Each structure stands twice: as structure tokens, then as C-alpha cells.
Amino acid sequence: MDLLADLTPPQREAVTHVNGPLLVLAGAGSGKTRVITRRVAHLLQQGVSPHNILALTFTNKAAGEMRERIEVLVPGAKVWVGTFHGFCARLLRSHGSLVGLDSSFTIYDQADRLRTVRDVLDAMGVEEPPITPEKIEGAISRAKNDLATPKSLAHRARDDRDRLVAKVYAAYEERLKAASAVDFDDLLVHVVKILKEHRDVRENLDARYRYVLVDEYQDTNMAQYAIVRALSVNHPNLCVTGDPDQSIYGWRGANLSNILEFEKDYDAVRVVKLEHNYRSTKSILAVADHLIQHNVNRKPKDLITENPSGEPVQLTVYARESEEAEGVAARIASLVREGSYNYSDVAVFCRITALTRTFEQAFRSARIPYQIVGGVSFYERQEVKDVLSYLNLINNPKDDLAFSRVVNVPPRGLGKTSFERLTAFARDHGLTLLEAARRAREAPGLKDKAIRSFLDFVALYDELGALRDDAAERVILQTMEKTGYRQHLKDESRGEGEDRLANLEELITAAREFDLEHAGATIQDFLADITLASPVDRWDQQTGAVTLMTLHAAKGLEFPVVFIIGLEEGLLPHSRAFENPNELEEERRLFFVGITRAQRELYISRCRIRTFRGQQQATAQSRFLMELPEDFLTYDDRSGVSSGDSRWGQASWSGQSGYAPRRPQPTRTPMPTPSAGGFRLTTAAQLAGGGPSSIAAPGDLDAFRPGASVLHPEYGLGRIVAIEGAGPNRKGRIAFTLAGERTFVLAKSPLKLVGKSGAGPR
DNA sequence: ACTGAACGCTTTTTT
DNA sequence: AGCGTTCAGT
């Protein structure tokens with residue numbers, strides 16, 4: 001096919017560029033992916049071997065898309081397209097020994113990292129760290145992204161916290177090394193190290209990957225920069241694409257100057273600007289453009305489109321979040337009912353994942369199919385993690401973290417004490433935990449029973465270890481049988497075991513699919529694949545459901561209809577960004593990214609009261625709303641509250657604004673307002689005087705009598721069948737409708753009385 | 001050693 | 001509000 005026929009002159013220029021560095025500044029919706037894939041096809045057409053081309057992206061999803069589109073253009077071309085992390089993992093399997101890494105290394109995800117940091121703090125005897133483990137973990141990650149070592153960190157430490165971070169960092173590194181493990185950042189950092197220290201390797205790779213393409217270059221960090229740089233010394237045929245206005249990963253160490261300074265960094269850079277937008281209506285683009293112009297630290301850029309003006313962008317204010325969710329749900333329902341769109345044409349974006357919960361409820365009761373991208377990942381569920389830990393240990397016997405996860409799963413009578421003795425023994429003799437377990441007889445202080453359990457575990461392990469080179473599905477099945485894990489879940493008294501088994505079935509299915517797609521692959525490949533997979537990768541636009549995701553996850557996607565919710569100070573922009581002008585600009589870019597995902601219709605909303613961590617709070621509208629052009633907006637205040645804030649507030653309650661809603665408003669069921677009215681439940685703990693200022697009024701607890709109905713936040717409704725004892729420590733035996741019988745110390749329990757004999761308004 | 005309930009902390013975003 | 005960790009009872 002003719003690769004150039006349907007391209008604009010600038011697109012054509014980028015596609016036909018062959019040798020030398022190329023910077024493509026691609027505005028949102030400017031056909032960037034099309035340009036990259038065409039360029040790859042063009043290179044192949046010019047006789048470049050697919051073997052010599054490397055295309056790097058940030059997500060597997062983007063990589064997969066690119067691979068597919070290249071396949072359509074040039075069937076059978078074996079171009080390596082993948083993520084930075086995937087590329088580095090592969091490289092380390094073959095070259096890891098140069099940095100002292102076994103080829104069977106384990107990849108730690110963030111949860112593993114945090115666990116390790118906690119363990120390190122524990123081992124160091126730090127009782128009350130001045131900063132949280134999460135912060136330390138973040139600081140270590142940040143240091144790695146900036147290519148800082150524990151030493152350099154210790155060197156520039158200014159206070160106790162910095163010194164602690166540096167110390168933990170050093171110990172953390174040792175642990176990973178001993179466990180033959182790497183974290184996400186290490187994948188990059190180790191490769192950087194190899195490229196720096198082994199000239200021959202670098203030159204070979206530079207020559208091998210003669211043509212390198214990097215997508216989303218504005219989001220590269222120092223380590224990624226160093227890798228790309230090292231692969232483009234002798235053969236600087238490097239093509240980077242990106243948009244500084246869409247840089248949203250600064251918090252993760254992305255370095256905007258990588259793209260801003262690209263022209264100075266390489267000689268004779270060709271720059272191509274793609275400013276023509278093929279995605280959005282004029283209204284949407286105008287709103288995006290107005291907003292982003294408020295960024296000071298920015299290269300001016302035009303956004304042009306020949307698309308129709310379309311509907312104005314609609315801004316709606318709701319009273320509370322439940323109404324926001326219901327309002328959005330109602331609008332989606334009517335859009336679909338009118339026949340203009342399918343559910344899968346619609347996406348709802350929010351700043352933080354916590355906001356999706358309300359929407360789930362609203363969608364469920366409105367019977368709108370939805371899918372959430374992100375949140376608690378499938379692979380993070382307990383039972384999945386357990387089985388995967390077995391796989392990790394089979395693959396890498398040094399993985400102490402995996403060992404400690406599974407040694408007592410299912411329960412083998414190995415408790416804290418036994419485990420601590422084993423750890424001490426391992427540490428004293430420089431053994432891995434598995435080796436130590438093998439020699440459990442020599443470990444001081446271990447009881448006979450524990451020794452036997454450890455030895456049994458090792459025997460079990462050896463049996464499983466023989467499966468090391470088998471396909472993933474088989475190993476998982478064998479593991480579940482031989483460890484007795486499947487039986488363990490079956491025996492679980494309450495219904496949860498079945499859900500867990502169902503999740504494991506899903507894992508088995510995933511493994512089977514992986515095995516089919518990757519002939520000859522082992523569990524090591526399977527583990528790497530799922531560890532490096534992100535929730536977005538599992539997302540599928542074609543499922544006929546509304547998509548619910550964070551603004552970050554939305555990057556690179558597009559939808560006919562987009563809702564962006566929670567336009568409130570503290571949320572968007574997020575409160576953590578208030579202090580820092582750069583971070584504030586990043587928040588603005590984040591909003592910009594969200595807006596420019598929309599093709600035809602865009603709705604933004606906020607609410608006046610939002611519940612956060614259990615607290616209801618009045619909100620202030622996002623400062624970004626003031627930065628949008630009125631001409632392209634309609635405004636609709638459905639909160640029923642007058643408020644002095646902003647010109648928007650004025651426009652709303654006068655009722656005379658020119659921004660009348662264009663469509664009939666869907667009717668809403670009036671909602672009772674629980675907090676404003678008189679009905680409130682009081683917990684037993686409150687009755688007993690949980691607050692420091694009040695003194696227990698013993699009489700109040702008397703309301704908890706046999707026969708009374710109670711509500712427990714977790715177990716739901718129940719009835720008191722018996723009261724045991726007397727005084728403040730009296731216990732209640734509750735028969736729950738769904739969860740069986742349980743006993744509580746009333747004064748400490750979160751039980752609430754319900755029904756007419758229960759607590760009235762106070 | 002194991003279970004279940006209370007405590008206390010938090011994540012903003014993710015490869 | 002929700003989760004992981006800690007604490008207490010058996």
C-alpha cells in the first residue's frame with residue numbers, strides 16, 4: 001500500500017525521515033501513532049531489517065496496539081515493540097551476569113518493595129521511623145530513577161530522615177541482591193549500569209538497534225534517558241515523539257527537560273510539529289487550549305481542527321457525590337437510549353481511584369454496565385498472590401520474600417516464633433531461608449514439631465521445583481494440588497473460599513492463554529509478563545461497558561463521550577500540588593489530557609459536599625474552572641444551593657444565565673439527606689463514651705437487650721441472642737442474618753442498634 | 001498457633 | 001471509609 005497517500009505534509013515529513021535524530025512534537029489527537037507505525041513500515045520498505053528496529057512505549061497496551069498496526073502495514077515483520085521495562089527485563093535475562101544477576105531473577109512489584117522496606121526497618125530495629133515506610137519506599141524509587149546510589153544519597157543527606165532513607169536504601173539493596181530480585185526501577189538502572197561499564201556491550205546494542213523509536217518521550221526519566229542515549233551514540237537514528245503539554249509523570253521522576261532539550265542534546269535534529277487535531281470538536285479543543293495556556297512553563301503551540309464545533313462543553317454542579325454519580329449515570333443512560341452512543345463510547349475520568357466507588361453504586365442501580373480500570377489489581381488478591389509466590393519460589397529459590405509468604409500457607413503450624421528462629425539462623429550463617437529450612441535441625445531453639453514442618457516444606461518444595469521448566473498452567477495446577485492449597489480453600493467454612501477458587505480459576509485461564517501464545521515459555525516468562533502488566537493492559541474498549549478510570553490511565557486513549565468529575569480544589573488540582581507551581585502545572589496538564597481524550601461530547605462536574613475518609617466536607621470549585629472559556633460552555637447548577645463562589649455561582653442561581661441546559665433534564669428521584677434530617681444511628685462504642693471528653697453512661701448500653709436488632713459495618717444486620725456478663729465489659733452474642741453468630745464486647749464494638757427501640761436522634 | 005476484633009494509618013497518580 | 005497490622009482470647 002501507499003504509506004504516504006493520506007498524510008499531511010508534516011506527517012509525511014516525519015514518516016519519510018530515515019537517518020539522524022528526529023523529534024516529533026505531536027499535539028493531542030494529531031495522529032501520532034499513525035505516524036510512528038507508518039514510519040516503521042517506511043523504514044522496512046527502505047530495506048532496513050526489522051531486527052535493527054526497536055520501538056519503546058510506556059504501557060504494554062500501547063505496545064500491543066503499535067505491534068498490531070505495524071502487522072497490518074507489513075505482515076510478518078518481526079520488529080521488537082515493547083515497554084522500557086519489558087525490554088530491560090529481557091536484556092537482563094541474557095546480560096544480567098554483568099551486574100551479578102542470575103538469569104532467574106525475580107521482579108518485585110510495589111507491594112514487594114514496601115514489604116521489604118518494612119522488613120529492613122524491622123531488622124534495623126527502628127521502632128518509630130520519622131517517616132512512613134511508604135515515603136521511604138517512594139524516596140528510594142525516586143533515587144533510583146535519578147540514578148542515585150545509596151552512597152550518593154548518604155552524601156547529600158541533610159537531616160535524620162535523609163540519613164535514614166539512605167541507610168534503608170543500602171540495606172534494601174543488599175536484600176534484593178541476596179534474594180536475586182530486582183524492583184521495577186532496577187530493571188532500568190541495571191541496564192544503565194551495563195551500558196555504562198561495558199563498552200563492547202553498548203556498542204553491540206547500539207549497532208543492533210540501529211533505529212530506535214520512543215513514544216511519550218515527555219514522560220521519560222533519567223534512567224530511561226540514559227538507556228536511549230547509550231543506544232544512539234554511533235547510530236543516532238533516534239526518533240522520539242511526545243507532547244510537553246501531556247507530561248503527567250513528574251512525580252514519578254519523569255524529566256520534562258529530556259524532550260525540551262532534545263534539540264540541544266543531539267546534532268542536526270529534525271523537528272516536526274503536528275498541530276492539526278483530528279479527534280475533537282472545536283468546542284472541546286477550545287476549552288483545552290484555553291486551559292493549557294495558563295501554564296507559564298510551556299512552549300506555545302496551536303491546536304487546530306477542521307472538525308465541527310459540536311456541542312458546548314457542559315459543566316454541572318451537584319449537591320453531593322451520590323448525586324454527581326447519579327446525574328452522570330442518568331445522562332449516560334439517556335445518551336444511549338437516544339441511540340447516539342453505545343456504553344463503550346463513554347468514559348468517566350477522576351483524579352483518584354477512591355472516587356470510583358460512588359460511581360460503581362450508581363451505575364449498578366441504574367443498570368449501566370461498567371468496567372473499572374485500575375484499583376486493586378487481580379494479581380494483588382491474596383489467593384492469587386499466594387500461588388504466585390509459590391511460583392516465584394520455584395523459579396528462584398533465593399526469593400526469601402516468597403518463602404516467607406508461603407511457608408505457612410496453607411497453615412503448617414509454623415508461627416512467628418519458629419519463623420524468627422529460622423530467620424536468625426539463616427542470617428547467622430549467610431543462608432537463604434530455603435537453605436536454612438533444609439538444615440532446620442541445626443537451627444538453635446527450634447522445636448521438633450517446627451523442624452519437622454520445615455523439612456516437610458522443603459521436601460514439598462523439591463517436588464515442585466522439578467517443574468521449574470514446565471509451562472505455567474501445569475505448574476499452577478500442580479502447586480495447588482500438592483501444597484493442599486486447593487483443599488484448604490475448599491474447606492474454608494464461610495463462602496469466601498469459593499470466590500477465591502474462582503479467582504484462581506481465572507489465574508489458571510490466564511496461564512493457559514499465556515502458554516498458548518508463548519510456546520516453550522516457562523513460569524519465569526509468565527511471572528515477568530504479569531508483573532509488568534498494568535491494569536490498563538487488561539482493559540478492552542469493546543466490551544460494551546462504560547469505562548471508569550483515573551486521568552493518568554486515560555493517557556493515549558480516546559472516547560466519543562467523556563465525563564470528568566470532581567473538579568474541586570484539593571482534588572483537581574490535588575492538594576499535594578498546592579505548594580509547588582510546577583506540580584500545579586502538572587495538575588493542569590492532567591486536566592488537559594482528560595479533556596483532549598474526548599471526541600464529541602465532554603461533561604465536567606463537581607459537587608458542593610464531598611465525603612472524604614468518612615468526613616463530609618464543603619468543597620471549593622477547582623481554580624481550573626475559572627480558566628475555561630465561557631463561550632464554549634454551558635453551566636447547570638443542580639445543587640439547589642446558592643453560593644457566592646465565582647462567576648459560575650452567580651450565573652447559576654440567578655436562573656437568568658444564557659447557559660440554559662440544552663436538553664431536558666432527566667428526572668431525578670429526590671434523595672433524602674441523612675445528615676441534615678433527624679435520623680442518625682449511634683454505635684455502642686459511642687454510647688459507652690468512646691470520646692475522650694465524655695464519660696460512660698452505663699445506662700445507655702442497656703438498650704442492647706436480647707431480641708434487639710443491630711447493625712455491624714461488616715457483618716450487616718443481626719439480632720442479639722444473649723448478653724453475657726454485666727458492667728462496661730458485658731458482651732453481646734449476635735446472630736447475623738448472613739454471617740452466623742459472633743460475640744462482641746459491646747462497649748468496644750461498632751455495633752449500632754436499629755429499629756424503633758434503637759437510638760433516636762441525639 | 002491460630003482466630004477474630006480493635007486499632008491506626010492512609011495513596012494521588014503506576015511501570 | 002477501608003486496609004493492613006496489632007492485640008487478645010482460646
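Residue numbers start from 1 in every chain, and the chains themselves are labelled A, B, ... in the order their sequence lines are given, proteins ahead of strands. Being a predicted model, the structure only gives us computed values, none of them experimental.
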Would one find a side-chain N or O of [X] under 4.0 angstrom from OP1 or OP2 of [N]?
| X | N | result |
| --- | --- | --- |
| A:Asn408 | B:dC2 | yes |
| A:Ser418 | B:dA1 | yes |
| A:Thr132 | B:dC9 | no |

> Does the pair A:Asp245 and A:Arg589 meet the rule for a salt bridge (Lys or Arg N to Asp or Glu O under 4.0 Å), with working shown?
Replying inline: CA-CA 6 Å; A:Asp245 287 336; A:Arg589 291 195 292 267; over 6 Å; no

Pick base, sugar-phosphate or nothing for [X], based on heavy-atom distances below 4.0 Å to the nucleic acid.
| X | answer |
| --- | --- |
| A:Thr611 | nothing |
| A:Tyr249 | sugar-phosphate |
| A:Ser575 | nothing |
| A:Phe184 | base |
| A:Thr531 | nothing |

Minimum-distance nucleotide (side-chain atoms of [X] versus [options]):
| X | options | value |
| --- | --- | --- |
| A:Arg357 | C:dG2, B:dT13, C:dG4 | C:dG2 |
| A:Arg576 | B:dT12, B:dA1, B:dT13 | B:dT12 |
| A:Arg351 | B:dT13, C:dT5, B:dT14 | B:dT13 |
| A:Glu587 | B:dC2, B:dT12, B:dT15 | B:dT12 |
| A:Ile352 | B:dT14, B:dT12, B:dA1 | B:dT12 |
| A:Arg252 | C:dT5, B:dT12, B:dT15 | B:dT15 |
| A:Arg115 | B:dT14, C:dT5, B:dC2 | C:dT5 |

> Below 6.0 angstrom between ring centroids: does that apply to A:Phe454 and A:Phe419?
Replying inline: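 No, too far apart.
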
> Going by ring centres under 5.5 Å and near-parallel planes (under 30°), is A:His85 stacked on B:dT15?
Replying inline: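 According to the criterion (under 5.5 Å, under 30°), no, A:His85 does not stack.
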
>> I'd like to check, for A:Trp251, whether its ring lies over the base of B:dT13 with centroids under 5.5 Å apart and a plane angle smaller than 30°.
In response: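 Stack criterion met.
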
> Do A:Arg113 and A:Asp186 meet the salt-bridge criterion of a basic N to acidic O distance under 4.0 Å?
Replying inline: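 Answer for the salt bridge query: no.
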
>> Within a 6.0 Å radius of atom CZ on A:Arg452, are there more than 12 heavy atoms belonging to other residues, nucleotides or ligands?
In response: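 For A:Arg452, atom CZ is not crowded (no more than 12 foreign heavy atoms under 6.0 Å).
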
